[in-house]
Protein chains: 2
Amino acid sequence: MNIGDVSSRSGLPAKTIRYYEDIGLIKPHRSANGYRCFAETDLHKLAFLGRARALGFTIEDCRTLMALYEDESRASADVKQLALEHLAKIEEKIADLQAMRDTLGELVKGCAGDSRPDCPILKDLSGEV
Amino acid sequence: MNIGDVSSRSGLPAKTIRYYEDIGLIKPHRSANGYRCFAETDLHKLAFLGRARALGFTIEDCRTLMALYEDESRASADVKQLALEHLAKIEEKIADLQAMRDTLGELVKGCAGDSRPDCPILKDLSGEV
DNA sequence: TATGAGGGTTCCAGTCAGGGGAAGGTCAAG
DNA sequence: CTTGACCTTCCCCTGACTGGAACCCTCATA
């Protein structure tokens, strides 16, 4: 397969696939004309990466996950720990964003949103509380 | 005030303050020795920026917000619109993260986390569903 | 007077995960 | 033979800083 085929079959942009080769996540062969030549296993890896990235794992996490996946003697505890750490980061981000949303929501609620200059949002930002 | 003073009084790192000058958000004067020389109004602006950034506004949003703040004839509707758009982005991010959390949470729940290799997390990532 | 600590300055490079686009090689169809 | 769709490498760009090098300024102390 050429890169266009893997791209459409994996859903990943060609740029992303080249980048993943660049950082050593995949190692496709080359055809005589210099084109990348992907096997089914490469496609499988790319799909794996796409799903892991969609769950928010970092590239380095993905590298570790792939290594675990390929290691038949892995302990599921190692996978679970990585997932739990990632889950904790997600929870933290959610909490941060919710705090922003709550504060901002309150400010928006108090703002008339008309043609007058008086505005509690700016008032809060400027520190006049 | 020197940059160290504004840094501790605003809570922003000196690096960040220099960066804000670089991109034109503030324009402190200079002393004879070349040091930045901050007035109270600069400190006030930096505090404004710090609060806006803490609410997740982008730098460009902050630029707009500051301009609105300094424009006495602004309409609060403009501020409110900016805030509402930002709020919508926050909501979207929260929803994305919650979807990740839910999926990942399910996978983690199903993983024994022991010394055996069998792992539903890797199974899901590899597409064997 | 030297010197050392603790400010300050500029500039360059790196972060993360790719995206945009230029310049050029390859291949199948008309 | 040319056109158009692919493919290649290469370099710069993103946001919002952060780290570090190399150098300057000021003051207190030995």
Side-chain angles (χ1 to χ4, degrees), chain A residues 1-39 42-43 45-46 48-66 86 89-90 92-93 96-97 100, chain B residues 1-38 42-43 45-46 48-66 85-86 89-90 92-93 96-97 100:
Chain A
M1 280 176 284
N2 283 347
I3 200 167
D5 305 319
V6 235
S7 172
S8 56
R9 286 183 61 187
S10 69
L12 296 173
K15 277 274 187 188
T16 299
I17 298 172
R18 291 196 193 97
Y19 174 65
Y20 286 174
E21 182 188 15
D22 224 50
I23 62 175
L25 283 177
I26 51 167
K27 304 197 197 311
H29 291 115
R30 296 290 177 137
S31 306
N33 57 12
Y35 287 15
R36 285 170 187 81
C37 174
F38 296 85
D42 295 315
L43 181 58
K45 280 190 190 185
L46 287 169
F48 183 101
L49 290 169
R51 277 185 286 264
R53 291 285 300 127
L55 284 178
F57 284 104
T58 67
I59 291 282
E60 284 318 301
D61 283 346
C62 291
R63 203 186 293 277
T64 306
L65 286 169
M66 286 243 305
H86 180 44
K89 281 179 206 146
I90 292 178
E92 200 182 323
K93 279 188 199 166
D96 289 351
L97 286 169
M100 286 183 196
Chain B
M1 279 177 285
N2 283 346
I3 200 166
D5 306 318
V6 238
S7 173
S8 54
R9 287 184 60 188
S10 69
L12 296 174
K15 278 274 188 189
T16 299
I17 298 172
R18 291 195 194 97
Y19 173 65
Y20 286 174
E21 182 189 15
D22 225 49
I23 60 175
L25 283 177
I26 51 167
K27 304 195 199 312
H29 292 114
R30 295 291 176 136
S31 306
N33 59 11
Y35 287 15
R36 285 171 186 81
C37 174
F38 296 85
D42 295 315
L43 180 58
K45 282 189 188 183
L46 286 169
F48 183 101
L49 290 168
R51 278 185 287 263
R53 291 286 301 128
L55 284 177
F57 285 104
T58 67
I59 291 283
E60 286 316 304
D61 283 347
C62 290
R63 204 187 291 278
T64 306
L65 286 169
M66 287 244 304
E85 282 166 12
H86 180 44
K89 280 178 207 148
I90 293 178
E92 200 182 324
K93 279 188 199 166
D96 288 351
L97 286 169
M100 286 183 196

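All of these numbers come straight from a predicted model, not from anything done at the bench. Chain letters run A, B, ... following the sequence lines, proteins first, then strands; residues in each count from 1.
- The phosphate of C:dC27 has OP1 or OP2 within less than 4.0 Å of a side-chain N or O from A:Asn33.
- Partners of B:Ala14 under the side chain to side chain contact (heavy atoms under 4.5 Å, CB included) rule, at least two apart in sequence or in another chain, are B:Ile3, B:Arg18.
- A:Arg36 meets the salt bridge (charged side-chain N to carboxylate O under 4.0 Å, His left out) test with A:Glu21; sequence neighbours excluded.
- Across B:Leu97 and A:Ile90, no two heavy atoms sit closer than the pair O-CG2, 3.6 Å.
- Using modelled atom types, one side-chain atom of B:Asn33 and one backbone atom of B:Tyr35 make a donor-acceptor pair closer than 3.5 Å.
- Atom C1' of nucleotide D:dC6 and atom CD1 of A:Ile17 are separated by 14 Å, given to the nearest angstrom.
- The shortest non-hydrogen separation linking A:Pro28 to A:Asp42 is CA-OD2, 4.0 Å.
- Rounded to an integer number of Å, the gap from CD1 of A:Ile26 to P of C:dG18 is 12 Å.
- Looking only at distances, a side-chain donor or acceptor of A:His86 sits under 3.5 Å from a matching main-chain atom of A:Leu55.
- Counting only heavy atoms from C-beta outward, the side chains of B:Leu65 and B:Phe57 approach each other to under 4.5 Å.
- Considering all non-hydrogen atoms of both residues, B:Tyr20 and B:Ile59 come closest at CE2-CD1, 3.6 Å.
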Between N or O atoms, less than 3.5 Å apart, protein on one side and nucleotides 4-7 of chain C on the other: list the pairs.
unit_1	atom_1	unit_2	atom_2	d
C:dG7	N2	B:Tyr35	OH	2.9

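- The distance from atom CE of A:Met1 to atom P of D:dC6 is 17 Å, rounded to the nearest whole Å.
- The stretch residues 51-66 of chain A touches DNA chain C through A:Arg53, A:Thr58, A:Ile59, each having a heavy atom under 4.0 angstrom from the strand.
- The side chain of A:Tyr20 contributes an N or O atom lying less than 4.0 Å from OP1 or OP2 of C:dG18.
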Between N or O atoms, less than 3.5 Å apart, protein on one side and nucleotides 9-11 of chain D on the other: list the pairs.
unit_1	atom_1	unit_2	atom_2	d
D:dT9	OP1	A:Arg30	NH1	3.3
D:dT9	OP1	A:Arg30	NH2	3.2
D:dT9	OP2	A:Arg36	NH1	3.2
D:dT9	OP2	A:Arg36	NH2	2.7

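- A pairwise comparison of heavy atoms in A:Gly50 and A:Leu12 identifies CA-CD2, 4.2 Å as the closest pair.
- Looking at A:Ser31, its side chain never comes within 3.5 Å of a backbone N or O of A:Gly34 through a donor-acceptor pair.
- The end-to-end axis angle of the helix from C:dT1-D:dA30 to C:dG30-D:dC1, rounded to 10 degrees and based on five pairs per end, is 40°.
- If you measure from atom OH of B:Tyr19 to atom C1' of D:dG19, you get 16 Å, rounded to the nearest angstrom.
- Taking only side-chain nitrogens and oxygens, A:Thr16 never comes nearer than 4.0 Å to OP1 or OP2 of C:dA17.
- Rounded to a whole Å, the CD1 atom of B:Ile23 is 12 Å from the P atom of D:dT14.
- In this structure, B:Cys37 SG and B:Met1 CE are separated by 8.5 Å, a value rounded to the nearest 0.5 Å.
- Residues B:Tyr19 and B:Leu25 form no side-chain contact, since every pair of their non-hydrogen atoms from C-beta on lies 4.5 Å or further apart.
- Between B:Arg63 and B:Glu60 there is a salt bridge, since a side-chain N of the basic residue sits under 4.0 Å from a carboxylate O of the acidic one.
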